[in-house]
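All values below come from the heavy atoms of this structure, side chains included, with hydrogens, waters and symmetry mates left out. Position 1 is the first residue of the sequence; numbering continues from there. Both ligands and their constituent atoms are indexed starting at 1 by order of listing.
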Amino acid sequence: MQIRLQKFLSEAGIASRRKAEILIMAGKVEVNGKIVTELGTKIDTEKDVVYYNHKKVEKKQKLIYIMLHKPEGYVTTVKDQFQRPTVLDLLKTVKERVYPVGRLDYDTSGLLLLTNDGALTYRLTHPKHNIEKTYEAKLFGTPSETDILQFRRGVLIDGKKTQPAKLEILEKGEKYCTVRIIIQEGRNRQVRKMCQAIKHPVAQLKRVGTGTLYLKNLEKGKYRYLTEKEIQYLKKL
Ligand code: URA
């Protein structure tokens, strides 16, 4: 991207744009090893190397926050050993390199956050945070009141009891039912294993919410940038 040198310096946090102009005129800024004093100079942020006071000026990364409606059939890892499609394939129009916040199984759809804000990713995925995650699932059969109670008390999976979880039946059918499940942890294939444990395995699973952020009408395979309010909410969690 071509931008004016003073804009580049101010975005990198060296000085305000006005002050950066003064620094340029004073001969304190070099581009590719040559002092530049002309104010109109444009640089290519991908190729040109800028020095201020003989120190390299690093481009400040713009932090971006994305909500993706992940379809089934995509992995949330950045690279897959079996060459399966990754969620990054759905973000080809995003220039910044972003990473998924946590994961969703290959066969799970729904809300996935992605960002290049490493500090936020670390905080949101740390086990002590326990942000509520809301799922809608199609289950085989219909869980009983006892099953629902068991979810509330915690279900034993992989030899360890889960934290209390909510299970609510939304719709009953002959062979399947639709439920809403809210969990706080993020253990591996947790919802699937919990439903397996009460003998109502998952036929389909979709995450519809993380904390107070919901997919709403975001179409499958599409993404949107989070609003400033949503970003602040995540940062305060
Ligand atoms: N629980 C699961 O079993 N799978 C997911 O993808 C997310 C939660």
Side-chain angles (χ1 to χ4, degrees), residues 66-82 84-91 98-115 120-143 147-148 150-171 176-216 218-223 234 237:
I66 287 174
M67 178 193 290
L68 171 72
H69 186 160
K70 174 196 173 298
E72 300 87 348
Y74 285 79
V75 290
T76 43
T77 43
V78 173
K79 253 202 173 149
D80 183 54
Q81 55 170 327
F82 306 113
R84 291 176 296 184
T86 85
V87 287
L88 297 186
D89 295 335
L90 299 164
L91 303 177
V98 290
Y99 299 90
V101 179
R103 52 190 300 281
L104 278 182
D105 297 334
Y106 178 73
D107 39 3
T108 301
S109 65
L111 194 163
L112 184 70
L113 299 175
L114 298 109
T115 179
L120 185 72
T121 302
Y122 176 78
R123 289 198 6 247
L124 292 181
T125 52
H126 197 280
K128 81 164 194 236
H129 273 94
N130 287 346
I131 299 156
E132 267 191 4
K133 284 158 284 257
T134 307
Y135 294 86
E136 277 176 18
K138 186 170 151 186
L139 305 186
F140 285 96
T142 302
D147 296 327
I148 294 173
Q150 208 184 327
F151 257 60
R152 229 181 282 155
R153 290 188 176 143
V155 179
L156 193 67
I157 58 169
D158 300 328
K160 196 173 162 228
K161 210 168 167 189
T162 65
Q163 284 181 17
K166 284 187 203 142
L167 170 60
E168 184 191 343
I169 296 170
L170 301 176
E171 211 181 302
Y176 304 101
C177 74
T178 311
V179 296
R180 181 182 297 123
I181 293 173
I182 303 178
I183 61 168
Q184 309 218 336
E185 304 144 287
R187 287 163 61 181
N188 187 28
R189 293 180 81 81
Q190 179 163 343
V191 174
R192 289 174 196 277
K193 286 177 184 169
M194 289 175 81
C195 295
Q196 186 74 43
I198 57 162
K199 300 199 169 53
H200 291 285
V202 166
Q204 245 175 41
L205 185 60
K206 175 179 177 185
R207 178 153 72 204
V208 294
T210 295
T212 61
L213 304 189
Y214 289 92
L215 266 185
K216 294 192 183 148
L218 184 63
E219 275 176 55
K220 204 183 260 194
K222 296 275 192 278
Y223 71 90
L234 291 175
L237 276 173

Measure across Tyr106 and Lys70 and return the closest heavy-atom pair with its distance rounded to 0.1 Å. O-NZ, 3.2 Å
Are any non-hydrogen side-chain atoms of Lys220 and Glu72 less than 4.5 angstrom apart? yes
Are any of the side-chain heavy atoms of Asp107 and Arg189 separated by less than 4.5 Å? yes
Do Glu136 and Lys206 meet the salt-bridge criterion of a basic N to acidic O distance under 4.0 Å? no
Tell me the closest heavy-atom pair linking Ile131 and Gly211, and the distance in Å. CG2-N, 3.6 Å
List, ordered by chain and residue number, the protein residues whose closest non-hydrogen atom lies under 4.0 Å from any atom of ligand 1. Leu104, Asp105, Thr108, Tyr135, Arg189, Gln190, Val191, Arg192, Leu205
Could you pull out the closest heavy-atom pair between Ile181 and Cys195, with the gap in Å? CD1-SG, 3.7 Å
